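These numbers come from a predicted model, not from an experiment. Throughout, protein chains are lettered first and strands after them, A, B, ... in sequence-line order, and every chain is numbered starting at 1.
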Protein chains: 2
Amino acid sequence: MSSPAAGRGPSPEGSAEPLSLSPSSYLVLGLIARHGPMTPYALKIRSGESVGPFWSFPHAQLYSEPDRLARGGLLSEEREPGGRRRRTFHLRPAGRRVLDEWLGDPGTEPAQLRDPALLKLSFADLGDEEGVRRLAERQGEAHRARLADYRRRAEELTDTPEDTARRRVLTIAVCIEEAHLAFWRSLLD
Amino acid sequence: MSSPAAGRGPSPEGSAEPLSLSPSSYLVLGLIARHGPMTPYALKIRSGESVGPFWSFPHAQLYSEPDRLARGGLLSEEREPGGRRRRTFHLRPAGRRVLDEWLGDPGTEPAQLRDPALLKLSFADLGDEEGVRRLAERQGEAHRARLADYRRRAEELTDTPEDTARRRVLTIAVCIEEAHLAFWRSLLD
DNA sequence: GGGTACATGTAATCAGTTACATGATTTA
DNA sequence: TAAATCATGTAACTGATTACATGTACCC
């Protein structure tokens, strides 16, 4: 790595106010805190590993979000002078503080169950039974495939703290997939 | 897998322009198909009844979305000349066709499980066990409350076709809440 | 007759997504 | 060396959310 251009930019420490923090923000902060300074591309790869299986972030967002966080003083950016002009983002103390605060706060936004299949099912009275049957079949297949995927992923985990966290999340993902699967199957009686 | 009408091309039917259809679109089309011509406010009320318990649409969207659909030729708009200048939206044949197509197509976009609590849990290795415990407690409470709410709603349903559809959806919502609840409890061993 | 909840709408903003574009490495 | 794939970045768009703003009816 080239010599980090220490303290690049004006960085007026106290002028980072209006910055709303979304799940994407915490994903970025968390990944950098865990793995050290990263490029957006590395974020993309890592995000696939952790929450990836059931919550996908488009790659463009992993370029723009670090930008935002840097503007807000939570990250610092270091840029390769030549070649690909890669940008590497570092966690700043303010970023670590925000992350710790989030981790320590037991409150979260409620999970909304936004499943297009359920929306469709809720309008089943406008269609015919045959439509519901076909929907249930397809959903059964889809959830079965996901379930298999999650189980396979869970098997590959070690018992580092990191993988332990991942295992927990995969555990509930599996439980929820099982619930979906059982439901759609029950519609096919 | 079923790609919605996002496909480009010289649309042989040649009616309206490219209009991307989101879940909000189908919610609006479906509610108007079921209950007849409606104002945005009525849409807001009805949306709370059907998918409302687990998928909330902000009211502003129920004003802008019918607009979009009307511009696309799927709805027609009728406006009160005086007073509140209420807008009432009617389903046009093209709208009914699009709705039927959607209902008949067993494919849907996959449901993503975007639960901020799980994101936080997936970063548990950056915090302490105490944080996880408190998170699990809170999530337990939250899911217990939701579960009770869903069950109460389910009890009030009749057996019209409409309510039958709603009952199915509430059934799976209950199952999923149970899965969440069991999971967070299991973390509190 | 004044407060407050219901009803209706627009405007501004933002997050998330798609699309476009290109540089660098590997591989056939 | 051509093609394919990985890696990197920006631009443009738009659906969704927040905030603003106002009208109407009801009830103490």
- Message: On DNA chain C, compare the nucleotides closest to Arg114(B) and Lys44(B); which residue's is nearer the 5' end?
- Response: Lys44(B)
- Task: Output yes when Arg114(A) and Glu109(B) qualify as a salt bridge under the 4.0 Å nitrogen-oxygen rule, no when they do not.
- Result: no
- Item | Arg152(A)/Asp149(A) ion pair, N-O < 4.0 Å | yes
- Taking Lys120(A) for the side chain and Asp105(B) for the main chain, is one N or O donor matched with an acceptor at less than 3.5 Å? yes
- Message: Measure CG/Asp67(B) against P/dG15(D) and give the value in whole Å, please.
- Response: 12 Å
- Query: CD of Gln112(B) versus P of dA15(C): gap in Å, rounded?
  - Reply: 18 Å
- Task: Among dG16(C), dT10(C), dT17(D), find the nucleotide with the atom closest to the side chain of Arg87(B).
- Result: dT10(C)
- State whether a side-chain donor-acceptor pair under 3.5 Å links Ser24(B) with Glu65(B). no
- Paired stems touching DNA chain D, three or more consecutive Watson-Crick or G-U pairs with both distances under 3.5 Å? C:1-28 with D:1-28
- At under 4.0 Å, does any side-chain N or O of Gln61(A) touch on OP1 or OP2 of dA15(C)? no
- Query: If you check the Arg79(B) side chain, which of dA16(D), dA15(C), dG9(C) turns out closest?
  - Reply: dG9(C)
- Message: Does a side-chain N or O of Ser20(A) approach OP1 or OP2 of dA15(C) to a distance below 4.0 Å, or not?
- Response: yes
- Task: Using a heavy-atom cut-off of under 4.0 Å over every strand shown, decide if Ser24(A) touches base, sugar-phosphate, or nothing.
- Result: sugar-phosphate
- Starting at atom CD of Glu109(B), determine the distance to atom P of dG16(C), rounded to an integer number of angstrom. 17 Å
- Taking CZ from Arg68(B) and P from dC13(D), how many angstroms apart are they, rounded to a whole number? 16 Å
- Closest to the Arg86(B) side chain: dT17(C), dT8(C), dA16(D)? dT8(C)
- Message: Which nucleotide wins on minimum distance to the side chain of Pro40(B), given the candidates dG9(C), dC6(C), dT18(D)?
- Response: dG9(C)
- Task: Counting heavy atoms from C-beta on, name the nucleotide in dG16(C), dC6(C), dA19(D) closest to the side chain of Tyr41(B).
- Result: dC6(C)
- Query: Between Asp159(B) and Arg167(B), does at least one N-O distance fall below 4.0 Å, as a salt bridge requires?
  - Reply: no
- Taking atom C1' of dT8(C) as reference, at what distance in whole Å does atom CD of Glu77(B) sit? 13 Å
- Item | dG16(C) phosphate, OP1 or OP2, under 4.0 Å from Ser64(A) side-chain N/O | no
- Message: Check Glu129(B) with Arg133(B), please: is the shortest side-chain N to carboxylate O separation under 4.0 Å?
- Response: no
- Item | Which nucleotide in dG15(D), dT18(D), dG9(C) has an atom nearest any side-chain atom of Pro58(B) | dT18(D)
- Item | Nucleotide dC20(C), atom P - distance to OH of Tyr63(A) in whole Å | 18 Å
- Could you state the CG-P distance from Leu62(A) to dC6(D), rounded to the nearest angstrom? 18 Å
- Item | Donor-acceptor pair, side chain of Arg68(A) and main chain of Ser20(A), under 3.5 angstrom | yes
- Query: Between Arg134(B) and Glu137(B), does at least one N-O distance fall below 4.0 Å, as a salt bridge requires?
  - Reply: no
- For the side chain of Thr39(B), starting at C-beta, report the closest nucleotide among dT17(C), dA11(C), dT8(C). dT8(C)
- Could you please name the option among dA19(D), dA15(C), dG16(C) that lies closest to any side-chain atom of Ala60(B)? dA19(D)
- Can you tell me how far P of dT8(C) sits from NE2 of His59(B), to the nearest Å? 11 Å
